[in-house]
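Data first, discussion second: the structure below is written as structure tokens.
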Amino acid sequence: MPAIKFPDGQVKKYKNGTKPSDILEEIGGRLKKQSVAARVNGRLIDLSGILDQDGEIQFIDINSPEGLDIYWHSSAHIMAHAIKKIFPNAKFAFGPPVEQGFYYDVDVERSLTPEDLVKIEEVMQEIITKDEPFVREELSVEEALVLFKDLNETYKVEQIERLGEPPSIYREGSFVDLCRGPHLPSTGYVKYFKLLSIAGAYWLGDEKNPMLQRVYGISFPKKSQLDEYIQRIEEAKKRDHRKLGRELDLYSINDDIGPGLVLWHPKGAYIRHKIEEHWRNEHLKSGYEFVTTPHIARKELWNKSGHLDFFTENMFSEMDVDEQPYLVKPMNCPFHLQIYKTSTKSYRDLPIRWAELGTVYRYERSGVLHGLMRVRGFTQDDAHIFCRQDQLDDEVSRVIGFCLNMLKSFGFEDVDIYLSTRPENYVGTIENWDRATEALKLGLEKASLNYQVDPGEGVFYGPKIDIKIKDVLGRSWQCSTIQVDFNEPERFDITYVGQDGDKHRPIMLHRALMGSLERFFGVLIEHYAGAFPLWLAPVQVHVMPITDKQRDFALTIHQELIRSDIRSYIDDRSEKVGFKIRDAETKKTPYMLIIGQKEVENNMVSVRKHREGDKGSVQLTDFIEQLKKEIAEKV
RNA sequence: GCCACCAUAGCUCAGUAGGUAGAGCACCUCACUUGUAAUGAGGCUGUCGCGGGUUCGAUUCCUGCUGGUGGCUCCA
């Protein structure tokens with residue numbers, strides 16, 4: 001007689017063999033309708049699972065994150081079932097739920113087409129209409145191997161062998177799949193779904209393995225949720241930085257120049273200029289000094305730094321300079337190290353913080369290039385900090401705080417933070433790694449930040465903190481990074497003279513706050529949907545006379561704005577004011593000044609704000625004051 | 001790099017069952033002199049991504065390449 005404790009603290013005894021679904025039957029109502037699985041003693045189980053011991057139960061709501069995961073997971077099974085019906089020889093790999101929906105990796109004899117997706121959707125609907133229950137079975141390894149070998153499911157067989165423990169399977173009608181579960185009670189629970197795309201994916205994520213076809217889909221209990229999802233994707237596409245970059249004339253990438261090489265147009269370059277200006281000011285305030293280094297260096301430098309050992313596949317091929325091989329820089333660090341070495345450093349000199357907007361070039365495989373987010377030539381807002389062991393904690397803390405502040409000034413408050421720890425291949429001692437990792441961790445905790453640990457994801461030369469920002473379609477892009485380096489100080493043999501008169505090895509931190517200006521600009525465009533805050537807007541004010549009669553007055557206003565350091569543009573075309581407003585609105589100019597006869601007579605300006613509309617008339621001096629305030633506050 | 005898809009005017013797109021192409025916006029000119037998201041009329045705009053093949057003839061069919069898109073792998 002298991003005693004089951006409910007979330008409200010109530011404890012009830014049930015007879016042996018009771019299932020969560022029995023309890024739901026008894027409770028009924030909304031809970032029964034909305035629950036798709038149960039968590040018993042922390043473990044998720046099917047509603048048809050057996051409660052055989054005492055424990056705490058909690059029902060999983062269909063619309064909770066876990067509920068949707070189960071929903072999508074079961075949807076993936078239904079999709080696989082449908083594919084199996086259409087392609088009896090299809091073999092299946094993995095089909096998990098993801099952040100937005102689900103996918104299944106399949107091995108089908110021919111390439112799937114969009115028409116196939118339509119067909120698969122139809123068959124899925126049939127399976128759903130049949131409302132077959134998902135039935136769990138637990139098998140021994142041997143039984144499972146026999147079953148899946150019979151089905152010629154080679155990937156499943158491989159997976160069973162890899163697991164090495166008795167697996168569970170789920171049957172649903174004639175379809176059987178290796179799966180941990182839990183699942184929805186039956187296929188009929190899946191109401192509204194859509195298959196979204198087909199892509200290639202390597203078996204087990206290894207590019208040496210064969211490529212499977214990955215079919216992505218999404219499903220929801222309610223039609224409105226599916227509609228909203230599709231609409232959200234459509235809306236997101238409108239603020240894609242590649243679309244806005246073209247529409248707002250910010251940048252372009254040109255085939256004649258080469259893929260992954262960015263042309264910053266005047267408006268984009270202006271925004272970049274403001275970003276850099278802000279960046280420089282903040283760095284000076286934070287105790288950094290600037291350095292500037294060349295774009296190429298002798299091959300030998302890259303040999304010394306280790307880049308030729310671990311980074312060659314990302315470096316552009318060498319060039320010949322007076323019969324000496326040179327390489328274009330993929331990183332700035334070796335240069336900074338060479339500056340360090342030009343003089344003997346005392347412990348009193350540390351910490352040294354050297355920053356550079358350093359433009360680097362990396363060969364990125366063609367398939368990975370993506371607008372401004374992933375390019376082949378980019379400018380890092382790089383800095384290297386050389387410090388003593390006793391300064392490490394403090395430096396890490398400072399960088400974290402500095403970094404978050406920098407992101408905040410561009411409106412990024414919601415970011416994902418990762419701590420990447422020691423990978424399999426590493427240089428340096430375990431003690432050093434542990435100490436450095438501890439320092440990074442301490443820094444994060446002192447700032448009371450939420451972060452995830454990425455075990456083994458550190459660079460071979462040291463642990464790191466990464467901050468990622470999501471683009472408009474929910475794809476994560478790494479921007480900020482703070483890395484400890486045990487490799488290069490060693491290779492370049494940099495030292496400082498300690499209080500004891502001996503030479504010591506300083507600790508080196510690499511850090512980039514925005515990461516690269518290109519990527520950062522990309523996420524920034526999407527973040528603001530192209531409507532940049534006043535301080536960044538390339539054109540801050542559109543001045544528009546209503547008729548030619550007000551042109552002279554409008555011109556004096558435009559000139560006054562320019563004199564006051566406001567970026568003004570005068571639209572004196574002989575067009576209706578509605579036309580000019582539309583134009584300025586489309587260009588997302590923050591402010592419009594409309595100048596008609598009334599304004600001329602009263603010596604006023606009529607203010608209109610982007611997306612907000614008419615703000616009424618004010619004195620020009622007041623308007624300028626207001627703008628200056630807004631610019632200073634960077635809102 | 002791998003899998004799939006795509007490439008027509010500056011942009012968004014239509015089109016040709018194979019006979020060298022069109023619309024809207026943008027741009028230019030003229031008229032209108034206008035009050036908070038599109039005034040009207042006229043004009044300009046193309047190696048139909050590049051190369052090869054099939055064909056009397058290719059933007060259209062086949063093929064190679066280049067570039068892009070969505071993923072995978074890899075990374076700021």
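Residue numbers begin at 1 in each chain, while the letters A, B, ... track the order of the sequences.
Applying the 4.0 Å criterion to OP1 and OP2 of B:U12, one finds that A:R246 has a side-chain N or O inside that range. Using a 4.0 Å cut-off, some side-chain N or O of A:S366 falls inside it from OP1 or OP2 of B:G1. When the side-chain nitrogen and oxygen atoms of A:Q597 are compared with OP1 and OP2 of B:U34, none of them lie within a distance under 4.0 Å. Regarding contacts with the backbone of B:G70, a side-chain N or O of A:R242 is found under 4.0 angstrom from either OP1 or OP2. For A:R551, no side-chain nitrogen or oxygen approaches OP1 or OP2 of B:U33 to under 4.0 Å. Between A:H370 and the phosphate of B:G70, there is a side-chain N or O to OP1/OP2 separation shorter than 4.0 Å. Under 4.0 angstrom from either OP1 or OP2 of B:G71 there lies at least one side-chain N or O belonging to A:R475. A close approach under 4.0 Å does not occur between any side-chain nitrogen or oxygen of A:R511 and OP1 or OP2 of B:A76. Phosphate proximity of B:G1 to A:Y363: present, with a side-chain N or O under 4.0 Å from OP1 or OP2.
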Checklist entry - Under a 3.5 Å cutoff on both atom distances, Watson-Crick or G-U, what's the dot-bracket for RNA chain B ([ ] crossing, | other strand)? => result (((((((..((((.....[..)))).(((((.......))))).....(((((..]....))))))))))))....
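Stacking is not found between A:W477 and the pyrimidine-like six-membered ring of the B:A76 base under the 5.5 Å centre-distance and 30° plane-angle cut-offs.
Taking the six-membered ring where the residue is Trp, A:F310 and A:H307 present tilted rings, their angle falling between 30° and 60°. The aromatic rings of A:H283 and A:F290 sit tilted relative to each other, their planes meeting at an angle between 30° and 60°. Using cut-offs of 30° and 60° for the angle between ring planes, the A:W354 and A:F386 rings count as perpendicular. The aromatic rings of A:H336 and A:H384 stand perpendicular to each other, their planes meeting at an angle above 60°, with 30° marking the opposite boundary. Between A:Y251 and A:H241, the two ring planes are parallel [angle under 30°; tilted spans 30° to 60°].
In this structure, A:L244 places its CG atom 13 Å from P of B:U12, rounding to the nearest Å. Across the protein-nucleic acid pair, A:H307 atom NE2 and B:A76 atom P stand 11 Å apart, rounded to whole Å.
Using a 4.0 Å heavy-atom distance criterion, A:A199 is classed as a base contact. At the heavy-atom level, A:G205 lies under 4.0 Å from the strands shown only through sugar-phosphate atoms. Within 4.0 Å of A:S111, counting heavy atoms only, lie sugar-phosphate atoms of the nucleic acid but no base atom. Using a 4.0 Å heavy-atom criterion, one finds that A:D548 contacts the bases of the nucleic acid, with or without backbone contacts as well. Counting any heavy atom pair closer than 4.0 Å across all strands shown, A:K549 reaches sugar-phosphate atoms only and no base atom. Residue contacts shown for A:Q213 are absent, as no nucleic acid heavy atom lies under 4.0 Å away. In this structure, A:G596 reaches the bases: a heavy-atom distance under 4.0 Å links it to at least one base atom across the strands shown. Residue-level contact check: A:M592 touches neither bases nor backbone, having no heavy atom under 4.0 Å from any strand. Looking at heavy-atom distances under 4.0 Å, A:S606 makes contact with a base.
Nearest-nucleotide positions on RNA chain B for A:P114 and A:Q550 put A:P114 closer to the 5' end. Map A:I581 and A:A201 each onto its nearest nucleotide of RNA chain B; the residue landing nearer the 5' end is A:I581.
Listed nucleotides: B:U39, B:G71, B:U34. Nearest to the side chain of A:F579: B:U39. Of the candidate nucleotides B:G71, B:C75, B:U12, B:C75 has the atom lying nearest to any side-chain atom of A:R519. Comparing atom distances between the A:R374 side chain and each of B:U33, B:A76, B:C72 picks out B:A76 as nearest.
On a pure distance criterion of 3.5 Å, a polar donor-acceptor pair joins the side chain of A:E364 and the base of B:A76.
Here the CZ-CD distance, from A:R374 to A:E518, works out to 13.5 Å after rounding to the nearest 0.5 Å.
Counting only N and O atoms by type, the side chains of A:Q550 and A:E599 include no donor and acceptor under 3.5 Å apart.
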Next on the checklist: Run A:D116 and A:T113 through side-chain hydrogen bond (donor to acceptor under 3.5 Å, both in side chains) and show every step you take.
Outcome noted: CA-CA 5 Å; A:D116 290 327; A:T113 64; 3.2 Å; yes
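Across B:G53 and B:U60, the matching P atoms stand 14 Å from one another, rounded to whole Å.
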